[in-house]
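Each remark here refers to the structure printed beneath this line.
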Protein chains: 2
Amino acid sequence: MATIADVAAAAGVSTSTVSYVLSGRRPISPATRARVEASIAELGYRPHAGARALAGRHTNVLALAAPLRSDINVPVIMQFVTSVVTAARSYDHDVLLLTNDEGSAGLERVAGSAMVDALIVMDIESDDARIPVLRRLRQPAVLIGLPNRPGGISCVDLDFAAAGYTAVAHLAEHGHRAVGLIGPPPAVYERGTSYATRFLAGFVDAVEEYGLASASHPSEPTFEGALACLNRIDDELPGVSALVVHNEAALSPLLGILRSSGRRVPEDVSVVAICPEDVALGLPIRMTSVDIPGHQLGALAVERVMSLLRGERGAETRLLAPSLAERDSCADAGTGPRAG
Amino acid sequence: MATIADVAAAAGVSTSTVSYVLSGRRPISPATRARVEASIAELGYRPHAGARALAGRHTNVLALAAPLRSDINVPVIMQFVTSVVTAARSYDHDVLLLTNDEGSAGLERVAGSAMVDALIVMDIESDDARIPVLRRLRQPAVLIGLPNRPGGISCVDLDFAAAGYTAVAHLAEHGHRAVGLIGPPPAVYERGTSYATRFLAGFVDAVEEYGLASASHPSEPTFEGALACLNRIDDELPGVSALVVHNEAALSPLLGILRSSGRRVPEDVSVVAICPEDVALGLPIRMTSVDIPGHQLGALAVERVMSLLRGERGAETRLLAPSLAERDSCADAGTGPRAG
DNA sequence: TTGAAAGCGCTACCAA
DNA sequence: TTGGTAGCGCTTTCAA
């Protein structure tokens, strides 16, 4: 492999000149620049990343800690990962992928060994054990999620409380008085995953504010899980006319269950989904939904990281307002036969 | 951050001794080792990755080029990514995630700048443009997939041709004489994605060998796509009694469509799915399926990489034999009413 | 069994 | 506008 010295020799300049044409950190005469660039191209020179990291004290690599359980929320996670990688590339950075299974150890490892310049951490729990370790690191971190006590670490997320509220409000304004929530899997709640609790809180707020009846249960991300969850809601809330589904994987099963039990959507049951837009559009019914803007959030997290890397401070946490798209899965209460 | 010199000083030894206790590349007396390890722990020392890469000529990082389109095959891709990261960690390696959108450029970049020791590339096309560039790299590469001409590069994949054959054979042996194939999205075929073509080839082989009638069409990964695809198959193949579905995202919609049009599975239509096991088990019907062993393939790819890194050569391509799990979505032809 | 020291390929400071 | 060069923190010879 060609080194900077080779390039310098070929161009008849010093290595520092080559370094400066590459970094643009000092003015270079057009003539010199041209010769250097020609040599670079000719030799197919690429700076050695390790040498750069050693001398320059940064790697142009970001760590992304993602929940790589293949069972849960797969499309949303994929969106985050995709958008983080894409956004990072647009800032000339690469992404080192960590699984959350490694927990704090992984973060400490890649930060401590200077493999990365900054970290983005997903799937934040309300009282996440990684936050204290993140604060101790030399590198800045951004959370996709919102813990109870961010402790000065930047957060980026959908405002899930507002999302829960919005979904219920929409239903209430359509005359529904009894609303069921099909939530994320039990494991998500048990881990204390922040978005689940926040969504539920917003849901409950709105239910109280509008004086509705409600029932909510977690659901395993399977057909049987969705069925069990729906049954429990039906038991507890006999007149239920609307469902909020905060569980992508339960969506398709749920629609199947409703149809085969003869409950039409939206005539007999209105359904609001909380999911990425493409999921909402890929179902048998175009779902009225509150979008989980995975792409936007990933990009936002990267932007925040970049500004921290530039040494800028600024608003610590940014919660995106939810937006509800009205489509075909909601109708006014009393539209169906059961309305009498 | 503590450096190796700090550790050496604290332990009263030379830096080379510290380096050797870390690498285990030469014998160290128990006493010295103990002192060094104590200093390491005390100082919280972590070797600087860049310095290591520069001096040691390897990074302990693998590149993984994955198709990060969020629209397609999401669960399988997730399985690959998850298992590659997990397996890599078990060999003390990290994973740098590349999107296939960057194409050859991304591979050349991370390899050329010595960011990675080896590359794993997914979503291989039959005549993949990245193969020639991979061959030129200093670092070894492993493909998850099978191009027409691997050119000496190691490949690891499910034997999709055998999978197609197996699915049809199973159906034929249950007496079905007219079999439809719901394939991957058109874009997958258009890109010349190798697994789609290979699967189709195996499907066709078996159809011919068993003297069956067949129809096959790609399907968009949506409800409407599945519906359109099924309609075309019904048109072309009026007596169709069995379906092979090589499209995860079409699976759930398809079952809904069949049910709501009054065709029972498996009594009226048998269905064989090609998908990961958890997908097959999360549907309303426990699907008879040919497993796509994403976890196994990812782990296998990493193992192959590691053996290449050790300088071993060996079998270049490894195709896993498909295994069909009989569950509840297939029955003998002539079971249903239409058998008359 | 251990130490000394020469690089590895850059960046950025100090000079010119 | 450019060059010289001292590190950056490690690994690995070469010696002892």
Side-chain angles (χ1 to χ4, degrees), chain A residues 1-37 39-40 43-61 92 109-117 138-139 309, chain B residues 1-37 39-40 43-61 92 109-117 138:
Chain A
M1 220 68 246
T3 71
I4 200 174
D6 299 328
V7 175
V13 298
S14 70
T15 61
S16 55
T17 296
V18 176
S19 178
Y20 284 118
V21 342
L22 250 19
S23 71
R25 286 177 186 284
R26 82 178 180 192
I28 300 283
S29 74
T32 314
R33 169 183 301 281
R35 264 184 303 134
V36 169
E37 281 169 351
S39 305
I40 287 174
L43 298 176
Y45 167 68
R46 292 192 190 268
H48 186 285
R52 270 198 152 159
L54 184 55
R57 325 190 134 275
H58 66 266
T59 60
N60 274 31
V61 175
D92 193 30
R109 181 170 50 79
V110 300
S113 62
M115 298 180 81
V116 303
D117 298 336
R138 165 189 277 53
Q139 294 93 337
L309 251 17
Chain B
M1 221 69 244
T3 71
I4 198 172
D6 300 327
V7 174
V13 298
S14 70
T15 62
S16 55
T17 296
V18 177
S19 179
Y20 284 118
V21 342
L22 251 18
S23 70
R25 287 179 184 285
R26 85 178 179 190
I28 301 283
S29 75
T32 311
R33 169 184 303 280
R35 264 183 303 132
V36 169
E37 281 169 351
S39 307
I40 287 176
L43 297 176
Y45 167 68
R46 292 191 191 269
H48 185 287
R52 269 199 152 159
L54 184 54
R57 326 190 134 275
H58 65 267
T59 60
N60 274 32
V61 176
D92 193 29
R109 180 169 52 79
V110 300
S113 61
M115 299 181 79
V116 303
D117 297 337
R138 164 191 277 53

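So you know, we letter chains A, B, ... as the sequences are listed, proteins then strands, and number each from 1.
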[X] near the nucleic acid: base, sugar-phosphate alone, or nothing, with a heavy-atom cut-off under 4.0 Å?
X       : answer
A:Ser16 : base
B:Arg46 : sugar-phosphate
B:Thr17 : sugar-phosphate

Protein-nucleotide distance (A:Met115, atom CE; D:dG9, atom P), rounded to Å: 17 Å
- prompt: Roughly how many Å is it from CZ in B:Arg52 to C1' in D:dG9, rounded to a whole number?
  reply: 11 Å
Think [X] has a side-chain N or O under 4.0 angstrom from the OP1 or OP2 of [N]?
X       : N      : result
B:Arg25 : D:dT12 : yes
B:Ser14 : C:dG3  : yes
A:Thr15 : C:dT11 : no

field: Positive for side chain to side chain contact (heavy atoms under 4.5 Å, CB included) with B:Thr15, one of B:Thr3, B:Ile4, B:Val7, B:Asp6
entry: B:Ile4
query: Donor-acceptor pair under 3.5 Å: do we get one between A:Tyr20's side chain and the base of C:dC13?
result: yes
- request: Please confirm whether any donor atom in the side chain of B:Arg26 sits under 3.5 Å from an acceptor in the base of C:dT2, or the reverse.
  value: yes
Strictly distance-based, threshold 3.5 Å: is any side-chain N or O of [X] a donor or acceptor partner for the main-chain N or O of [Y]?
X       : Y        : value
A:Asn60 : A:Asp92  : yes
B:Thr59 : B:Met115 : yes
A:His48 : A:Gly50  : yes

5′-ward residue of the pair B:Ser23/B:Ala51 relative to DNA chain D: B:Ala51
query: Which nucleotide, C:dC8, D:dC8, D:dT12, lies nearest any side-chain atom of B:Leu54?
result: C:dC8
